[in-house]
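In what follows, chains carry the letters A, B, and so on, assigned in the order in which the sequence lines appear, proteins first and then strands, with residues in each chain numbered from 1.
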Amino acid sequence: MSKELTSRAEDYSQWYNELVVKAALADHSAVRGCMVIKPYGYALWENMRDQLDKMFKETGHVNAYFPLFVPKSLFEAEEKNAEGFAKECAVVTHYRLIADPENKGKLIVDPAAKLEEELIIRPTSEAIIWNTYKGWIQSYRDLPLLINQWANVVRWEMRTRLFLRTAEFLWQEGHTAHATKEEAVEETVKMLNVYASFVEEYMAVPVIKGVKTASERFAGAEDTYCIEALMQDGKALQAGTSHFLGQNFAKAFDVKFSDKNNKLEYVWATSWGVSTRLIGALIMAHSDDQGLVMPPKIAPLQVVIVPIYKGEEGKAIVDAKAKIIIEELKALGIRVKYDDNDNARPGWKFAEYELKGVPVRIALGQRDIDNNVVELARRDTKEKKSVSIDGLAVYVKALLEEIQQYIFNKALDFRTENTRKADTWDDFVKLLDEKAGFISAHWDGTPETEEKIKEQTKATIRCIPLDNEMEDGVCILSGKPSKQRVLFARAY
RNA sequence: CGGGAUGUAGCGUAGCCCGGUUAUCGCGCCUGGUUUGGGACCAGGAGGUCGCAAGUUCGAAUCUUGCCAUCCCGACCA
């Protein structure tokens, strides 16, 4: 089997597609745009999910589960939200199949089983959740309501790519209700910060926190906050969003509460989500021409041990030594695999675990045992060295932290090198074509100019960074005055 | 959804234009043996609805039509 990857320089897109499949993260399925997440990919998602779930709970949220189907009448209640998602909805119209009278062994949709009201397969769950919240909220004492759900959603995308944009994907969606606007805005920002720390600390992907412009905003939101990451090909990827929904959904679903003065008020809402798309971000931010590079904190496997031996007796000696090392590693909470599969030789295994991005590889043979060492290889730097078996687990524990930091720093350096300022239209166009990356530039604040820039360059405003410094300038396209720079990029 | 390309064993492929016996080769897989410090070697073996369906024909991987899926470009995508 050919495991040779197309290089990033040769064809970045093909490199990504091959890598996802060859590293056994996911596969295409029989259904257009839908993927099968394979055990290795799912283990990664589980690690991400577990950590996020912990962080949600630490910030006071609880999990619940709402239905996959949304009755059309509920779906259309919040007009902007419905309009925004309408053209990518899968719709259930019937509930039964019958034998095809003209074609033995085949089934047809039973025309008699047509639903009175169509069911929309959720592209997002605001509608069904706010319809439910109506029954849960009467008093200010019921607030805040802080709920998250882990679910799948379906968006009928025309052009799909594994993890980055699939027709069905896994995600979490938080939906909260608050008594005041201030509290809801605070929640929106709080969850954006949770996302940013998760992505930076666990996935080792640096992100820019910002606010979307009106035209890039979530359908039905008053404000959309986002984290934006830069991929190795210089394109930006929206890695997570947190929305301040105002009272839009409360009004659409008539969710009111009595405040302390017995006055009826509409509640204030937020919603926030990250998806399996984060896996795409992880791959494209760190991996190289040899394969994946997994950040240790969420890597399904942190250490792999490859035994090297001659004959059965030789193997028994190596096995015994490996067993001790494995126990020590496990005692420190390190996820380790001992690959003593006799069908594959060491060289093959080395290449295989590089493809899969396992952060640390330990080779152990008689030669090492004689010297009381192992050969230890880092996936991120490909550096190999001999390390004493005494205190190995402690060494590896520290090394995993070092690797985590190294990967993050590397991605951060890349982003810094590929974030540039443009002060004129010519500079802007030149930078986009030559180097891609983020471009910080002045914009006059109008959707018209934003649209023109997009049409002419395919670059969009990724966000208005939250930590922006105020600075007087003129819009690169219209020449009108501007108070601050915004971040442009071509995006996934 | 529009334009282009592709689909032959688990993977990569030859054959297709110009229809004709048992569909080519490599990797992988199985059995036995020798091996094991960067993708091992020898011998033997198994594995195919040629994407799916209809049509043309004495005969279809090959020609025609429809459908499905994937990739690229575009439109679309909070």
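The listed nucleotides are G74(B), G37(B), G38(B); the one nearest the side chain of E375(A) is G37(B). For E88(A), the listed nucleotide lying nearest its side chain is C77(B); candidates were G37(B), C77(B), G39(B). The side chain of E157(A) approaches C77(B) more closely than any other nucleotide in the set C77(B), A75(B), G39(B). Counting only heavy atoms from C-beta on, M158(A) has its side chain closest to C1(B) among C1(B), G38(B), A69(B). Closest to the side chain of R165(A), out of C77(B), G74(B), G37(B), is C77(B). Of the candidate nucleotides C71(B), G37(B), G39(B), C71(B) has the atom nearest to the side chain of H28(A).
The C1' atoms of U49(B) and G45(B) are separated by 24 Å, rounded to the nearest whole Å. G28(B) and A53(B) have their P atoms separated by 32 Å, given to the nearest Å. Of the C1' atoms belonging to A14(B) and A23(B), the separation is 10 Å, rounded to the nearest Å. The gap from the P atom of A60(B) to that of A54(B) amounts to 13 Å, rounded to the nearest Å. Taking atom C1' on both U36(B) and A61(B), the two are 42 Å apart, rounded to the nearest angstrom. U24(B) and C63(B): their C1' atoms are spaced 22 Å apart (whole Å). Comparing the C1' positions of U6(B) and C52(B) gives a spacing of 16 Å, expressed to the nearest Å. Of the C1' atoms belonging to U64(B) and C25(B), the separation is 31 Å, rounded to the nearest Å.
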Practice task
Run the numbers on F249(A) and Y133(A) for ring-ring contact (aromatic ring centres under 6.0 Å, His included), then give the verdict.
Solution key: CA-CA 10 Å; F249(A) 284 89; Y133(A) 281 3; over 10 Å; no
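As rounded to whole Å, 17 Å separates atom P of G39(B) from atom CG of N343(A). G12(B) atom C1' lies 14 Å from atom CG of L5(A), rounded to whole Å. One atom, CG of L355(A), and another, C1' of G38(B), lie 15 Å apart when rounded to the nearest Å. At whole-Å resolution of the value, CG in D342(A) and P in C30(B) are 12 Å apart. In this structure, Y12(A) places its OH atom 13 Å from P of C72(B), rounding to the nearest Å. Between the CD1 atom of I308(A) and the P atom of G38(B) there is a distance of 7 Å, given to the nearest Å. The CD-C1' distance, from E354(A) to G38(B), rounds to 8 Å in whole Å. Remark: P of C76(B) and CD of Q238(A) are 17 Å apart, rounded to the nearest angstrom.
Nearest-nucleotide positions on RNA chain B place A344(A) closer to the 5' end than the other of A344(A) and T224(A). In this structure, K310(A) and P123(A) both approach RNA chain B, and ranking their closest nucleotides by distance from the 5' end singles out K310(A).
For R161(A) and C77(B), the shortest distance from a side-chain N or O to OP1 or OP2 is not below 4.0 Å. At the phosphate of C72(B), OP1 or OP2 sits under 4.0 Å from a side-chain N or O atom of S13(A). Listed pair R159(A) / C76(B) fails the phosphate criterion, with no side-chain N or O lying under 4.0 Å from OP1 or OP2.
Residue E18(A) is classed as having no contact, given no heavy-atom separation below 4.0 Å to the nucleic acid. Across all strands shown, K87(A) has heavy atoms under 4.0 Å from sugar-phosphate atoms exclusively, and none from any base. At the heavy-atom level, R217(A) lies under 4.0 Å from the strands shown only through sugar-phosphate atoms. Nucleic acid contact for N17(A): sugar-phosphate only, since backbone atoms but no base atoms lie under 4.0 Å from a heavy atom of the residue. A30(A) comes within 4.0 angstrom of the backbone, heavy atoms only, and of no base. Base engagement by W171(A) is indicated by at least one non-hydrogen atom pair under 4.0 Å involving a base atom. Within 4.0 Å (heavy atoms only), G240(A) reaches no atom of the nucleic acid at all. Base contact: K384(A) has a heavy atom under 4.0 Å from a base atom. Residue contacts shown for E173(A) are absent, as no nucleic acid heavy atom lies under 4.0 Å away. Residue-level contact check: Q14(A) touches neither bases nor backbone, having no heavy atom under 4.0 Å from any strand. Nucleic acid contact class of R361(A) (heavy atoms, under 4.0 Å, all strands): base.
Nucleotide G59(B) is matched to nothing when pairs are restricted to Watson-Crick or G-U wobble geometry with both distances under 3.5 angstrom. With a 3.5 Å ceiling on both atom-pair distances, the Watson-Crick or G-U wobble partner of U34(B) is A40(B). Pair assignment for A75(B) gives none, since no Watson-Crick or G-U wobble pairing has each distance under 3.5 Å. A 3.5 Å limit on both hydrogen-bonding distances identifies no Watson-Crick or G-U partner for U49(B). Judged by Watson-Crick or G-U wobble contacts below 3.5 Å, the nucleotide C17(B) has no partner. Under the Watson-Crick or G-U wobble criterion, with both distances below 3.5 Å, G7(B) is paired with C68(B).
Geometrically, K212(A) does not engage F218(A) in a cation-pi contact, judged by NZ or CZ lying under 6.0 Å from the ring centre and within 45° of the ring axis. A cation-pi arrangement is not found for R122(A) relative to F66(A), the charged atom failing to lie both closer than 6.0 Å to the ring centre and inside a 45° cone about the ring normal.
At a cut-off of 3.5 angstrom, the base of U35(B) holds at least one donor-acceptor pair with the side chain of R345(A).
Between the side chains of S287(A) and R8(A), no donor-acceptor pair is found at a separation under 3.5 Å. Looking at N248(A) and E222(A), their side chains do bring a donor and an acceptor atom within 3.5 Å of each other.
In this structure, K38(A) pairs ionically with D27(A), as a charged nitrogen and a carboxylate oxygen lie closer than 4.0 Å. Ion pairing of D340(A) with K349(A) is absent here, as no side-chain N (NZ or NE/NH1/NH2) approaches a carboxylate O to less than 4.0 Å. Between D53(A) and R49(A) no salt bridge is recorded (no basic side-chain N to carboxylate O distance below 4.0 Å). A salt bridge links E76(A) and K72(A); the closest N-O separation between the charged side-chain nitrogens and carboxylate oxygens is under 4.0 Å.
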